[in-house]
Amino acid sequence: MNRAKHFCAVPNCKELTKETYCEKHKENQKDKEKQWDKKRGTASQRGYGYRWAKYSKMFLSKPENQFCKLHIDERCAVVSQCVDHIDPPNGPEDPLFWDSRNHQPACIHCNSVKGHRKQVGNFEFGGKKKEAREG
């Protein structure tokens, strides 16, 4: 697929690129990402270990959790691939981490784009959207 060029993701950069960052900013952003990864810890340290893997597999196997609720943009995979926290918890000790009412099915793309923000998905299979609910 041939992607169109767009502006670099660095604020005020006027360079056009097919990637997220232009050549000038690409290396600098990789260094920042590495520093961020070190600061936030491993997935296991953040609570996503064996217990979470078992839970997420069970959660995604339910019929009502088969499709991504976020459907943020056209790159959404539609099929759910992970469990998203609606309201991001502050670590595995936060009660929100294991509260099933705080979980929604998502594809990897939409989960990544959403990032560490509170967002309730309202996408229903077939292209319909339920009434949006802000959390």
Side-chain angles (χ1 to χ4, degrees):
M1 182 169 81
N2 197 6
R3 293 179 63 189
K5 286 189 174 187
H6 55 84
F7 286 109
C8 173
V10 172
N12 300 318
C13 180
K14 305 266 188 268
E15 293 295 318
L16 292 174
T17 180
K18 289 185 178 185
E19 306 295 324
T20 304
Y21 300 103
C22 68
E23 290 300 318
K24 178 180 170 185
H25 293 111
K26 192 182 293 187
E27 287 304 313
N28 188 29
Q29 293 303 321
K30 284 182 184 177
D31 290 341
K32 284 183 180 180
E33 288 170 11
K34 284 179 187 174
Q35 289 172 356
W36 169 248
D37 284 344
K38 282 182 184 177
K39 213 188 286 188
R40 72 184 202 149
T42 66
S44 183
Q45 289 168 332
R46 293 190 323 268
Y48 301 102
Y50 177 73
R51 183 175 168 212
W52 180 260
K54 280 181 55 176
Y55 170 79
S56 62
K57 187 174 183 179
M58 179 276 305
F59 182 88
L60 295 174
S61 71
K62 294 181 178 180
E64 65 271 20
N65 297 331
Q66 299 292 306
F67 301 102
C68 177
K69 290 286 187 193
L70 294 169
H71 201 73
I72 289 175
D73 61 29
E74 70 280 347
R75 289 186 277 175
C76 175
V78 180
V79 175
S80 61
Q81 300 162 313
C82 62
V83 179
D84 174 60
H85 287 96
I86 295 167
D87 189 2
N90 294 317
E93 305 306 318
D94 186 334
L96 285 174
F97 192 91
W98 290 104
D99 184 352
S100 62
R101 295 168 299 184
N102 189 40
H103 300 153
Q104 62 188 347
C107 72
I108 301 293
H109 171 75
C110 290
N111 189 313
S112 297
V113 170
K114 175 190 168 233
H116 198 73
R117 303 182 264 141
K118 185 174 184 176
Q119 182 177 346
V120 178
N122 61 356
F123 180 78
E124 290 293 319
F125 184 68
K128 300 175 188 168
K129 286 194 173 202
K130 293 196 288 186
E131 187 176 317
R133 187 178 112 220
E134 286 300 316

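Scope of the values below: all heavy atoms of this structure, side chains included, with no hydrogens, waters or symmetry mates. Start at 1 with the first residue, then count along the sequence.
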Ignoring hydrogens, what is the shortest heavy-atom contact between [X] and [Y]? Give both atom names and the distance.
{"X": "Ser61", "Y": "Gln66", "value": "O-NE2, 3.3 Å"}
{"X": "Pro88", "Y": "His116", "value": "CB-CE1, 3.2 Å"}
{"X": "Val79", "Y": "Cys107", "value": "O-CB, 3.6 Å"}
{"X": "Asp87", "Y": "Leu96", "value": "OD2-CD1, 3.7 Å"}
{"X": "Ser100", "Y": "Tyr55", "value": "CB-OH, 3.5 Å"}
{"X": "His103", "Y": "Ile86", "value": "O-CD1, 4.0 Å"}

Query raised in the report: Will you find, in the side chains of Asp73 and His109, an N or O donor that is under 3.5 Å from an N or O acceptor?
Result: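 A donor-acceptor contact under 3.5 Å links the two side chains.
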
Requested in this report: First locate atom SG of Cys110, then atom CD of Gln81, and finally report the distance between them rounded to the nearest 0.5 Å.
Outcome: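 So the SG of Cys110 and the CD of Gln81 are separated by 9.0 Å.
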
Query raised in the report: Would you say the side chain of Glu93 lies within less than 4.5 Å of the side chain of Phe97, judging by non-hydrogen atoms?
Result: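 With C-beta onward as the side chain, the pair stays apart.
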
Requested in this report: With the side chain counted from C-beta on, respond yes when Cys68 and Val78 share a heavy-atom pair under 4.5 Å apart, and no when they do not.
Outcome: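 SC-SC contact between Cys68 and Val78 ruled out.
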
Query raised in the report: Would Leu60 and Ser80 count as a side chain to side chain contact (heavy atoms under 4.5 Å, CB included) if you check the C-alpha gap in whole Å, the side-chain angles of each, and the deciding distance to 0.1 Å?
Result: CA-CA 7 Å; Leu60 295 174; Ser80 61; 3.6 Å; yes

Given 3.5 Å as the limit, does a donor-acceptor pair link the side chain of [X] with the main chain of [Y], or not?
{"X": "Lys114", "Y": "Arg117", "result": "yes"}
{"X": "Lys57", "Y": "Trp52", "result": "no"}
{"X": "Asn65", "Y": "Phe59", "result": "yes"}
{"X": "Gln104", "Y": "Lys69", "result": "no"}

Identify every side-chain donor-acceptor pair in residues 10-21 under 3.5 Å, counting partners at least two apart or on other chains, and give the distances.
from	atom 1	to	atom 2	distance (Å)
Thr17	OG1	Glu19	N	3.0
Lys18	NZ	Asn2	OD1	2.8

Requested in this report: Can you establish whether the number of heavy atoms outside Glu64 located under 6.0 Å from its atom CD is more than 12?
Outcome: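 Count over threshold, so yes.
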
Query - Verdict with supporting geometry, Val113 and Arg75, side chain to side chain contact (heavy atoms under 4.5 Å, CB included) - result: CA-CA 10 Å; Val113 170; Arg75 289 186 277 175; over 6 Å; no

